[in-house]
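These figures come from a predicted structure and were not determined experimentally.
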Amino acid sequence: MKKVNQAIPKIDAKALVTGKPVYTDDLAPKDCLIVKVLRSPHAHALIRNIDSSRARKVPGIVAIYTYEDCPKERFTMAGQTYPEPSPYDRLILDQRVRFIGDAVAIVAGETAEAVDRAMKMIKVEYEVLKPLLDFRKAKDNAILVHPEESWRSLCNVGADNKRNLCASGKEENGDVDQVLSECRYVVDQTYHTKANQQTMMETFRTYCYMDVYGRLNVVSSTQVTFHARRILSHALGIPKSKIRVIKPRIGGGFGAKQTIVSEVYPAFVTWKTGRPSKIIYTREESQIASSPRHEMEVHVRAGADETGRIRAIDVYTLSNTGAFGEHGPTTVGLSGHKSIPLYGKTDAFRFQYDVVYTNVMSAGAYRGYGATQGIFAVESAVNELAEQMKMDPVRLRELNMVKEGQIMPAYYGETAKSCALDRCMQRAKEMIGWDEKYPAKDMGNGKVHGIGVAMAMQGSGISGVDTASVAMKVNDDGFYSLMIGASDMGTGCDTILAQMAADCMDCEMEDIIVSGVDTDTSPYDTGSYASSTTYVTGMAVVKTCEKLKEKILLKGAEYLGCRTEDAEFDGKRVWCPKDGKEISLKDIGNRVMCANEEALMASEAHYSPTSPPPFMVGMAEVEVDVETGKVTPIDYVAVVDCGTVVNPSLARVQTEGGIVQGIGMALYEDIVYNEQGRNFSNSFMQYKIPTRQDTGEIRVEFESSYEPTGPFGAKSIGEIVINTPSPALAAAVANATGVHIRELPITAEKVYMGMKHTK
């Protein structure tokens with residue numbers, strides 16, 4: 001490998017650091033209509049009348065649309081492979097509003113000032129209904145969030161709108177209750193993770209225009225370009241052939257842009273008016289009307305015998321999908337499937353879940369996608385189990401962690417073909433000085449340092465579902481065009497896919513031009529989510545390159561007048577060792593432009609029947625002020641097994657960024673609603689995300705394994721990195737204070753009151 005496993009700078013790095021106009025709003029035409037959404041002030045209500053007559057007279061207003069103007073066919077905004085597991089419960093605009101911030105009307109005008117003025121003049125008469133705000137009481141509640149008969153679920157996920165159920169299910173292996181009754185040590189606790197915002201740099205934004213062929217062109221900051229086309233087709237009731245979706249540079253997504261949050265509104269305006277339009281979400285809109293992480297309450301029972309073997313794990317997850325079901329049926333699965341299999345010696349497991357509708361902002365995809373919530377609960381329970389047993393939590397994990405070659409019943413029966421979790425644990429232990437620092441140290445100045453540990457696993461794409469295809473062609477002069485359908489959202493996937501292609505073709509990175517995603521020209525890809533790009537799209541690159549090399553060899557041998565089996569290709573030329581004849585790739589590329597019947601182009605697709613998990617160990621050291629309960633992160637070490645590391649620099653940045661997000665979830669970020677369902681966390685003044693000063697030192701290392709089903713032995717890294725901070729930090733606080741915080745975030749108030757209660 002000459003390029004893979006090398007710290008090559010991102011191919012778009014120069015454009016970004018020099019401030020080139022590459023994002024959606026930079027590229028939008030200057031004559032776009034400005035589109036904004038009038039939003040509901042009520043958590044649950046029926047619209048009885050909308051009077052927009054005065055608003056329509058505002059100079060510069062072009063169109064105002066209400067639920068009466070929109071199609072009545074329901075759809076989902078979840079960017080998932082068809083048929084989507086998420087229920088079809090959306091309309092572009094609905095007569096029933098289901099959370100404060102829900103869309104009531106679409107206003108389009110020549111200027112933002114005209115639109116703002118018109119929105120204030122729209123008079124809406126509501127029949128205010130009682131909202132359902134407590135997700136613990138949602139199942140089978142008399143208040144129905146979705147009573148409509150047109151609601152439907154395309155997949156059998158246990159959904160029932162008449163019970164407020166977006167999904168429900170149960171899986172088990174062995175007799176959990178019997179095994180737990182035999183265990184000497186049992187932990188039985190409930191853990192609560194609240195919703196979190198992705199807070200990506202670039203808010204939701206889309207612009208649209210009609211081309212000369214009468215087709216709707218949608219340019220959007222999206223992770224799911226091809227899914228966006230299908231969703232818009234369903235929402236607008238127009239053929240997919242009439243829609244083209246283009247993805248420019250994305251200023252961050254983290255899962256938020258796996259939901260079609262903004263696209264439908266300007267698309268509807270442009271389709272109706274024929275004029276270009278754009279919508280730019282404010283930060284407040286991105287905070288109150290978007291797609292945050294699912295709030296989950298996870299009940300865990302875990303039991304171990306006197307030797308320290310964890311014999312049974314029982315997990316019940318209650319997930320709050322909010323007003324709509326985007327990603328509800330799928331995120332919940334990861335809360336059990338990506339936490340229970342970490343422990344490879346159990347005799348039994350059970351995983352049950354319910355996903356319920358409520359009258360708060362609908363949830364969606366966020367990095368970690370349910371695994372984050374489940375791992376916080378299970379890893380916290382294991383730390384409490386170790387405390388109960390008076391055993392070092394590292395030792396307890398060493399005795400029980402999944403090992404390479406083991407079958408994982410709770411992970412769809414897959415075998416861990418590549419697993420360096422044991423080496424990750426040993427290395428992390430050495431990096432942080434675990435034996436010297438565990439469990440805590442009184443600093444003698446009113447401060448106590450505590451240390452905690454957690455493990456995590458994720459996946460590499462959705463097994464048996466995610467499909468990626470790429471196309472690659474030889475141009476004149478012998479350089480390559482690599483066309484992909486995966487969305488680079490700052491992760492650097494354009495770069496790592498080019499690295500793989502360069503090694504496959506034995507060429508330089510400069511010889512490969514990577515083009516962004518356009519549904520008209522790009523090969524199909526499910527999108528950038530589920531940690532799929534490196535593993536799934538990467539294998540599509542490898543297969544495509546092998547096919548293209550065969551074609552180059554065949555054409556070169558034809559031009560040299562020798563048999564294909566006698567010719568060789570070394571990345572720069574095709575030559576025949578027998579007679580020394582050769583022809584350069586440049587000459588081949590130019591020659592095929594004349595009198596040729598075989599295009600030097602290849603396109604291959606790939607999917608995987610398995611989803612090999614990456615693994616990670618995280619260890620945290622915190623300082624707790626015993627007078628105030630304030631928690632300050634001091635040191636965080638992480639060791640990741642993502643198979644072969646394709647680009648160490650990008651992998652390190654991914655890991656550091658995920659850890660910072662995990663620290664934010666654990667210590668700072670909190671979405672707060674009042675009794676009427678109003679979201680108070682509507683800006684960065686109220687919703688605290690950590691800065692570099694809030695995270696302490698972060699140190700990252702890699703302990704590579706080799707995944708035989710992955711490109712160059714690689715697995716994923718995008719999501720695994722966010723999963724260990726919450727349980728590791730909670731354990732560190734517990735070791736420092738004796739207080740177990742089971743509801744995130746871990747605030748000074750909770751720690752102080754816990755210490756006061758335990759005295």
Side-chain angles (χ1 to χ4, degrees), residues 36-55 64-77 87-107 118-135 137-151 161-166 195 235 261 264-265 268 281-282 284-285 287-292 295 320-326 328 356-364 671-682:
K36 296 192 179 186
V37 176
L38 180 68
R39 301 189 178 278
S40 170
H42 304 293
H44 196 194
L46 289 174
I47 299 171
R48 289 307 182 192
N49 184 56
I50 299 180
D51 182 359
S52 60
S53 56
R54 291 182 62 222
I64 297 175
Y65 301 107
T66 71
Y67 73 90
E68 295 176 330
D69 305 306
C70 296
K72 299 301 185 283
E73 187 68 26
R74 295 197 178 269
F75 62 98
T76 177
M77 286 187 177
Y88 279 30
D89 53 13
R90 284 267 194 183
L91 295 176
I92 298 174
L93 295 173
D94 202 333
Q95 185 177 10
R96 182 183 294 266
V97 289
R98 294 175 174 84
F99 69 98
I100 294 177
D102 202 355
V104 172
I106 304 168
V107 183
M119 288 175 69
K120 295 175 182 178
M121 295 183 177
I122 299 174
K123 304 300 180 184
V124 186
E125 180 185 333
Y126 296 97
E127 178 187 340
V128 180
L129 306 174
K130 186 176 180 180
L132 176 56
L133 300 175
D134 187 344
F135 76 120
K137 299 177 181 178
K139 183 178 176 180
D140 295 321
N141 197 292
I143 301 171
L144 292 181
V145 179
H146 284 277
E148 64 272 6
E149 296 300 324
S150 57
W151 178 99
N161 62 315
K162 298 304 173 65
R163 300 182 63 196
N164 285 327
L165 280 177
C166 177
V261 173
V264 69
Y265 305 114
F268 185 70
Y281 269 45
T282 63
E284 180 178 2
E285 285 181 298
Q287 292 292 109
I288 69 166
S290 53
S291 56
E295 176 184 23
N320 183 5
T321 196
F324 301 98
E326 283 96 8
V356 293
Y357 285 113
T358 59
N359 290 117
V360 299
M361 170 177 43
S362 59
I671 294 180
V672 179
Y673 289 94
N674 70 1
E675 294 179 353
Q676 288 74 44
R678 183 171 298 280
N679 185 349
F680 283 157
S681 310
N682 59 2

Exercise. Find the distance between OG1 (T66) and CG (L93) and round it off to the nearest 0.5 Å.
Key: 7.0 Å
Quiz item: So, do P292 and I671 sit near enough that their side-chain heavy atoms are less than 4.5 Å apart?
Solution: yes
Quiz item: Can you tell me how far the CG atom of N682 sits from the CD atom of Q287, to the nearest 0.5 Å?
Solution: 7.5 Å
Self-check item: Non-hydrogen side-chain atoms of F324 and M77 separated by less than 4.5 Å
Solution: no
Quiz item: Are any side-chain N or O atoms of T282 and backbone N or O atoms of E285, one a donor and one an acceptor, separated by less than 3.5 Å?
Solution: yes
Quiz item: Would you say K72 has more than 12 foreign heavy atoms packed within less than 6.0 Å of its NZ?
Solution: yes
Quiz item: Taking it one step at a time, do L165 and K139 satisfy side-chain contact (heavy atoms from CB on, under 4.5 Å)?
Solution: CA-CA 6 Å; L165 280 177; K139 183 178 176 180; 4.2 Å; yes
Exercise. Check I50 against I122 and note the closest heavy-atom contact, atom names and distance.
Key: CG2-CG2, 3.7 Å
Quiz prompt | Residue pair S40 / V104: nearest heavy atoms and the distance that separates them | solution = N-CG2, 3.6 Å
Self-check item: Backbone N/O of I143 and side chain of N164: donor-acceptor pair under 3.5 Å
Solution: yes
Exercise. Applying ring-ring contact (aromatic ring centres under 6.0 Å, His included), name anything that partners Y65, two or more places apart in sequence or on another chain.
Key: F268
Quiz item: Which atom names give the shortest non-hydrogen contact between Q676 and L133, and what distance separates them?
Solution: C-CD1, 3.8 Å
Quiz item: Who are the salt bridge (charged side-chain N to carboxylate O under 4.0 Å, His left out) partners of E675, not counting sequence neighbours?
Solution: none
Practice problem: Please name the pair of heavy atoms, one in L144 and one in K162, separated by the smallest distance, quoted to 0.1 Å. | Solution: CD2-O, 3.4 Å
Quiz item: Looking at V672 and S681, what are the two nearest heavy atoms and their distance?
Solution: N-OG, 2.9 Å
Quiz item: For atom CZ of R74, is the number of surrounding heavy atoms from other residues, nucleotides or ligands below 6.0 Å larger than 12?
Solution: yes
Quiz item: Rounded to the nearest 0.5 Å, how far apart are OG1 of T358 and CG of N320?
Solution: 3.5 Å
Quiz item: Does some side-chain heavy atom of I47 sit less than 4.5 Å from a side-chain heavy atom of Y126?
Solution: yes
Exercise. Using a 4.5 Å cut-off on heavy atoms from C-beta on, say whether the side chain of N679 contacts that of I100.
Key: no
Exercise. Could you tell me whether a side-chain N or O of N674 sits under 3.5 Å from a main-chain N or O of G677, the two making a donor and an acceptor?
Key: yes
Quiz item: Taking atom CG of D94 and atom CG of D102, what is their separation to the nearest 0.5 Å?
Solution: 7.5 Å
Self-check item: side-chain hydrogen bond (donor to acceptor under 3.5 Å, both in side chains) partner of R96, chosen from E148, H146, H44
Solution: H44
Self-check item: Pairs meeting criterion salt bridge (charged side-chain N to carboxylate O under 4.0 Å, His left out) with involvement of residues 119-133, two or more places apart
Solution: R48-E127
Practice problem: Determine yes or no for a side-chain-to-main-chain donor-acceptor pair under 3.5 angstrom, with N359 supplying the side chain and R98 the backbone. | Solution: yes
Quiz item: Is R90 paired with E326 through a side-chain N to carboxylate O contact shorter than 4.0 Å?
Solution: yes
Quiz prompt | Reported OH-to-CG distance for the pair Y357 and L132, which is rounded to 0.5 angstrom | solution = 12.5 Å
Practice problem: Nearest 0.5 Å please: distance from the CE atom of M121 over to the CD1 atom of I64. | Solution: 10.0 Å
Quiz item: How far apart are the closest heavy atoms of P71 and I92, and which atoms are they?
Solution: CD-CD1, 3.9 Å
